[in-house]
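Below is one structure, written out as structure tokens, with a few remarks after it.
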2 protein chains.
Amino acid sequence: MLEEALQEINRGTAEIIDIERITKLLTAYFDEGKTYTVKAGFDPTAPDLHLGHTVLLQKLATFQKYGGRVQFLIGDFTATIGDPTGKSATRKVLTSEDIVKNIASYTTQAFKILDENKTDIVYNKDWLEPLGALGMLELASNLTVARMLERDDFSKRYASQTPIAVSEFMYPLLQGYDSVYLKSDIEIGGTDQKFNLLMGRQLQKAYGVKKQQAVLMMPILEGLDGVQKMSKSLGNYIGVTDEANDMFGKILSISDALMWRYFELLSTKSLLEIQVIKDGVVDGSLHPKKVKEELALEITARFHTQDLATKAKEEFEKVHAKSQIPTDMASFTFNETIWIAKALVECKISASTSQARRDIKQGAVKIDQIKVSDEQLQLQSGEYVLQMGKRKFAKVKVN
Amino acid sequence: MLEEALQEINRGTAEIIDIERITKLLTAYFDEGKTYTVKAGFDPTAPDLHLGHTVLLQKLATFQKYGGRVQFLIGDFTATIGDPTGKSATRKVLTSEDIVKNIASYTTQAFKILDENKTDIVYNKDWLEPLGALGMLELASNLTVARMLERDDFSKRYASQTPIAVSEFMYPLLQGYDSVYLKSDIEIGGTDQKFNLLMGRQLQKAYGVKKQQAVLMMPILEGLDGVQKMSKSLGNYIGVTDEANDMFGKILSISDALMWRYFELLSTKSLLEIQVIKDGVVDGSLHPKKVKEELALEITARFHTQDLATKAKEEFEKVHAKSQIPTDMASFTFNETIWIAKALVECKISASTSQARRDIKQGAVKIDQIKVSDEQLQLQSGEYVLQMGKRKFAKVKVN
């Protein structure tokens, strides 16, 4: 049991700090039924989750299977102020009403993955506001400017003379203080949160919390292109509220390599089950496309229903059955990753790269029968059928 | 009137920012009797004032003569936290009781210079505490880390890797916010406070105060040695609570050059009166020693009474009359500033510099009949009579 739990907890993680603490917590759960707390912070400024956000939720769900109570932390204290990540100086400040609405939408989506009975939704305004002006000052005395400037994004911004407001130095401290107040046993977050997650440990020590939280970091999920992080602004995302048909189709569009990544980070299949599937693909008894369909069905069903997922699959097959692919077509080979627009020109499908981009924008371009939406797409090594409209085809091989 | 007021306000100042604003305020006072506010912050962590502190008070008193109401700001908000100057990391944290006691002692001393009827004692806890945690965060969003690190002491400490707590970045902001809340028209402080004083202007603008405060900076007063800043820890200070005899004696011990400096910064004599005295010394009608006695009388009377000051003078003369100085003695000339202990050895008065230092410690060494207390004393250019005990004398000339 413990061995299996640790394997599932380790699954797909980028880094764990203080695995001994986690092992002890799990042992106490298996031996004595003792539960423990796992904290994760969520930003209520964006109401819609995409699959990238669910990587953390899946991991929290794993902990819930093994005695963890989730502290689902809503960062509402800083939400009324502006950008807590420092990435955008002009991020719009939200009203309390916006935030309430966002949180409702956010948690509804999250409970498609998390066990509501093992989740405490907590709002950091409840303990950060009572800190008061003096409490804030005392909190700020716990860290030096030099240490703060070691944080990766701060050091880069400082070096490039991009302004950092003094208030931004407070955010990691506030996040750390959340762990003090909540006495969290474990905190999980993305790898980009390492500094802030460690701050929780440091402040718990400074404020006399007996045991410091273990920290578990998940990697950032790649988007549909398989290269950049999944993000709404990059357009390479699968939204949790996407229609079933869209969701299914988008998942079918990913590369085989990305498919295994999504299995690891997004599927609820056990590691053993996944290994069986992988072996099937290797020995030829399973076709990769079938496996991808299975993944698409699982994820679509999670956010909709099994029924809607099945219908999405049927609809997908019906639509794509219509467009027949010719048996013989021109073949092209490229010796390195190539930009889709360039490939279209080289294959004599588009007259120019700017024309190719317009074609993509209009939805006329497909790869392996799936519509291309990203005009920046890079074709990685593999074999593809490029298509424009009903008539133009080319077989492409990227080495 | 305006001309004279501006001259007295300019007297001894190191720098004024926005003299136009000050001129307008004075004009409105002279023309319409309108008053205005002049803010100065005081640190309640040290209960005893020395003459160095009174330089600011004298300037405030000058403003009071010309329509200014003094905002005597007690920094009690940060006093319970620790060192607001960042100079000492281990400064003792005061209890509220300590602070109340210190403030009482502090203001009693200050009202020997300031007009109590034109002074409002204000405590920044009254408006900084209600700022709350969110207010502090918003305040901190008004300045960038880079700008803060430009502050002289911060940049030095950062460069030398001396830790700066993040909370220290809040202090200039808090001081600036005091000016926002108080809507101060003018703020005065030492030259070492320039960054913080300008912060008041910046924050007043950011928070929508109609007119930004003018800023007036006073130089740091030199101590008895005439070189280093007057400070308790350097032992070169005249305390406001020093006994009348000590005060009188200490002032008589200063060099002629320092005497004029003290006239400028500490005397309430007008610039015109001082010029008359200076002219008298130049044309020989006034002896410098008499002038120094006059200064010593004025200052001693300010912190004690006219009567006690006169008695101090008589006592001083009686004591020093006893020790007769021989008419002929050995003469020595030095071509540069020389350390007192070295001079004693060179003049064959002490056997070694270490012996000389012991002699000074025991109070056996005098210069011009005044006991030397500082064993690090440097003899500046001038003529002196060195003396040890009743018998050893030397005439010294430093070029």
Side-chain angles (χ1 to χ4, degrees), chain A residues 75-84 86 89 91 93 96 124-151 153-155 157-174 176-177 181 199 203 206, chain B residues 75-84 86 89 91 93 96 124-151 153-155 157-174 176-177 181 199 203 206:
Chain A
D76 61 342
F77 177 73
T78 49
T80 48
I81 297 192
D83 177 29
R91 183 168 182 156
V93 170
S96 312
N124 64 3
K125 210 184 216 173
D126 289 350
W127 55 85
L128 292 181
E129 218 161 56
L131 262 185
L134 263 183
M136 285 286 275
L137 211 50
E138 277 169 326
L139 183 57
S141 69
N142 279 288
L143 205 76
T144 67
V145 171
R147 182 85 185 73
M148 202 60 99
L149 279 175
E150 284 169 15
R151 202 178 85 164
D153 57 336
F154 285 153
S155 74
R157 285 165 66 196
Y158 188 66
S160 69
Q161 304 188 326
T162 310
I164 306 166
V166 172
S167 50
E168 294 184 57
F169 274 12
M170 292 306 296
Y171 292 117
L173 289 161
L174 293 172
Y177 187 79
Y181 179 84
M199 188 65 64
L203 288 182
Chain B
D76 61 342
F77 176 73
T78 49
T80 48
I81 297 193
D83 177 29
R91 182 166 181 161
V93 170
S96 312
N124 64 4
K125 210 184 214 171
D126 289 350
W127 55 85
L128 292 181
E129 219 160 53
L131 261 186
L134 263 182
M136 285 287 275
L137 211 49
E138 278 169 327
L139 184 57
S141 69
N142 280 289
L143 205 75
T144 67
V145 171
R147 182 83 185 74
M148 202 59 100
L149 279 175
E150 282 168 16
R151 202 177 87 165
D153 57 336
F154 285 153
S155 74
R157 285 165 66 197
Y158 188 65
S160 69
Q161 304 189 323
T162 309
I164 306 166
V166 172
S167 51
E168 293 183 57
F169 274 12
M170 292 306 297
Y171 292 116
L173 288 161
L174 293 171
Y177 187 80
Y181 180 85
M199 188 65 63
L203 289 182

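Please read all numbers here as calculations on a predicted model, not as lab measurements.
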Worksheet item: What class does the angle between the rings of Tyr158(B) and Tyr158(A) fall in, given that below 30° is parallel, 30 to 60° is tilted and above 60° is perpendicular?
Response: perpendicular
Worksheet entry | Those residues that, when tested against Thr162(B), pass side-chain hydrogen bond (donor to acceptor under 3.5 Å, both in side chains) (two or more places apart) | Ser160(B)
Practice prompt. Mind checking the CG-CD1 spacing from Leu149(B) to Ile164(A)? Nearest 0.5 Å is all I need.
Written response: 9.0 Å
Worksheet, complete the sentence: Value for CG (Leu137(A)) from CG (Leu131(B)), rounded to nearest 0.5 Å, stands at 11.0 Å
Worksheet item: Given that the side chain runs from C-beta out, which part of Leu128(B) has a heavy atom under 4.5 Å from chain A: side chain, backbone, both or neither?
Response: backbone
Fill in: Proximity breakdown for Leu139(B) and chain A, heavy-atom pairs closer than 4.5 Å
neither
Worksheet entry | Pairs involving residues 128-137 of chain A, ordered by first then second residue, that meet side-chain hydrogen bond (donor to acceptor under 3.5 Å, both in side chains) (sequence neighbours left out) | none
Item to complete: Count the heavy atoms of every other residue, nucleotide or ligand shown that sit under 6.0 Å from CD of Gln161(B), and state whether that count exceeds 12.
Response: no
Practice prompt. Please assess Val145(A) against Phe154(B) for the test side-chain contact (heavy atoms from CB on, under 4.5 Å), listing each intermediate value before the final yes or no.
Written response: CA-CA 10 Å; Val145(A) 171; Phe154(B) 285 153; over 6 Å; no
Discussion item. Can you tell me which of Ala133(B), Ala146(B), Ala165(B) forms the most heavy-atom pairs within a distance under 4.5 Å of chain A?
Written reply: Ala133(B)
